[in-house]
> 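My questions will all concern the structure given below.
Numbers restart at 1 for each chain; the letters A, B, ... are given by sequence-line order, proteins then strands.
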Amino acid sequence: DVKVTQSSRYLVKRTGEKVFLECVQDMDHENMFWYRQDPGLGLRLIYFSYDVKMKEKGDIPEGYSVSREKKERFSLILESASTNQTSMYLCASTDTYGYTFGSGTRLTVV
Amino acid sequence: GEDVEQSLFLSVREGDSSVINCTYTDSSSTYLYWYKQEPGAGLQLLTYIFSNMDMKQDQRLTVLLNKKDKHLSLRIADTQTGDSAIYFCAENLRGTYKYIFGTGTRLKVLA
């Protein structure tokens with residue numbers, strides 16, 4: 001089974017902190033994605049990556065950056081966390097059709 | 001821009017059929033998908049349909065695609081309490097791996 005692992009299920013951070021959300025996949029997929037999920041808004045794409053060291057902005061990249069130094073790992077970085085970044089963050093990967101998602105990280109910024 | 005819309009809630013009785021609807025805007029999508037999200041979990045791929053198909057059946061699941069109206073539906077036969085979840089439809093933009101997701105429909109199955 002393809003596995004996408006997000007390192008934390010729940011995180012609580014303070015406003016202004018730098019936050020790292022980690023995602024690792026074990027199926028050698030080239031394509032990886034970060035979404036945030038908010039009630040009534042569905043999933044919104046933050047950043048995605050088609051290859052190592054390659055990144056592209058999604059629909060809501062402001063306040064975020066990403067890093068892809070190795071094929072299996074895609075990190076989402078909140079440079080200076082704010083309360084409006086409180087959300088569920090979902091990582092996904094794919095190589096053909098259909099994403100495989102991680103279990104999500106619920107981030108609360110206080 | 002691209003948009004995918006779903007109603008937010010659906011409630012059905014156990015044993016009845018559920019029909020979850022979705023409309024999309026990008027007529028060039030190659031595949032359309034249905035995902036299920038159980039509480040506290042990520043999204044799980046349920047089924048998908050290629051854009052040149054009208055219907056796909058997979059056990060209790062039936063997907064109908066009306067390309068003219070850009071309408072996608074998911075029918076769950078004999079709905080069970082374990083089907084209670086949020087269901088997302090998604091389309092992928094032709095030539096990319098980028099998906100556009102709907103807002104999700106929360107299905108509640110009443111015993």
> If I measure from the heavy atoms of chain B, does A/Leu43 come under 4.5 Å with its side chain, its backbone, both, or neither?
both
> Which atom pair, heavy atoms only, marks the closest approach of A/Met32 to A/Cys23?
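For A/Met32 and A/Cys23, the tightest heavy-atom pair comes out as CE-SG, 3.7 Å.
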> Side chain, backbone, both or neither: which part of A/Arg9 has an atom under 4.5 Å from a heavy atom of chain B?
side chain
> Between A/Gly104, A/Gly98, A/Gly102, A/Ser103, which residue shows the highest count of heavy-atom pairs closer than 4.5 Å to chain B?
A/Gly98
> Using heavy-atom distances under 4.5 Å, tell me whether A/Tyr99 contacts chain B through its side chain, its backbone, both, or neither.
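Backbone plus side chain of A/Tyr99, per the 4.5 Å heavy-atom cut-off to chain B.
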> Select one option (side chain, backbone, both, neither) describing which atoms of B/Gln44 are under 4.5 Å from chain A's heavy atoms.
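B/Gln44 has no heavy atom closer than 4.5 Å to chain A.
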> What I want to find out is whether A/Asp38 reaches A/Arg36 closely enough, with some N-O distance under 4.0 Å, to be called a salt bridge.
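Salt bridge between A/Asp38 and A/Arg36, a charged N being under 4.0 Å from a carboxylate O: yes.
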> Side chain, backbone, both or neither: which part of B/Tyr97 has a heavy atom under 4.5 Å from chain A?
both
> With only heavy atoms counted, which part of B/Tyr99 is less than 4.5 Å from chain A, the side chain, the backbone, both or neither?
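Backbone plus side chain of B/Tyr99, per the 4.5 Å heavy-atom cut-off to chain A.
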> Measure across A/Ile77 and A/Ser67 and return the closest heavy-atom pair with its distance rounded to 0.1 Å.
CD1-CB, 4.3 Å
> Can you tell whether the side chains of B/Asp83 and B/Arg60 come within less than 4.0 Å, N to carboxylate O?
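Yes, this pair counts.
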> Name the orientation class of the two ring planes belonging to B/Phe101 and A/Tyr35 (parallel below 30°, tilted from 30 to 60°, perpendicular beyond 60°).
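The arrangement is perpendicular - the two ring planes meet at more than 60°.
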> With a 4.5 angstrom heavy-atom cut-off, which part of A/Glu56 approaches chain B: side chain, backbone, both or neither?
neither
> Could you report the tightest heavy-atom contact between B/Thr23 and B/His71, atom names first, then the distance?
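The pair with the smallest heavy-atom distance is CG2-CD2, 3.8 Å.
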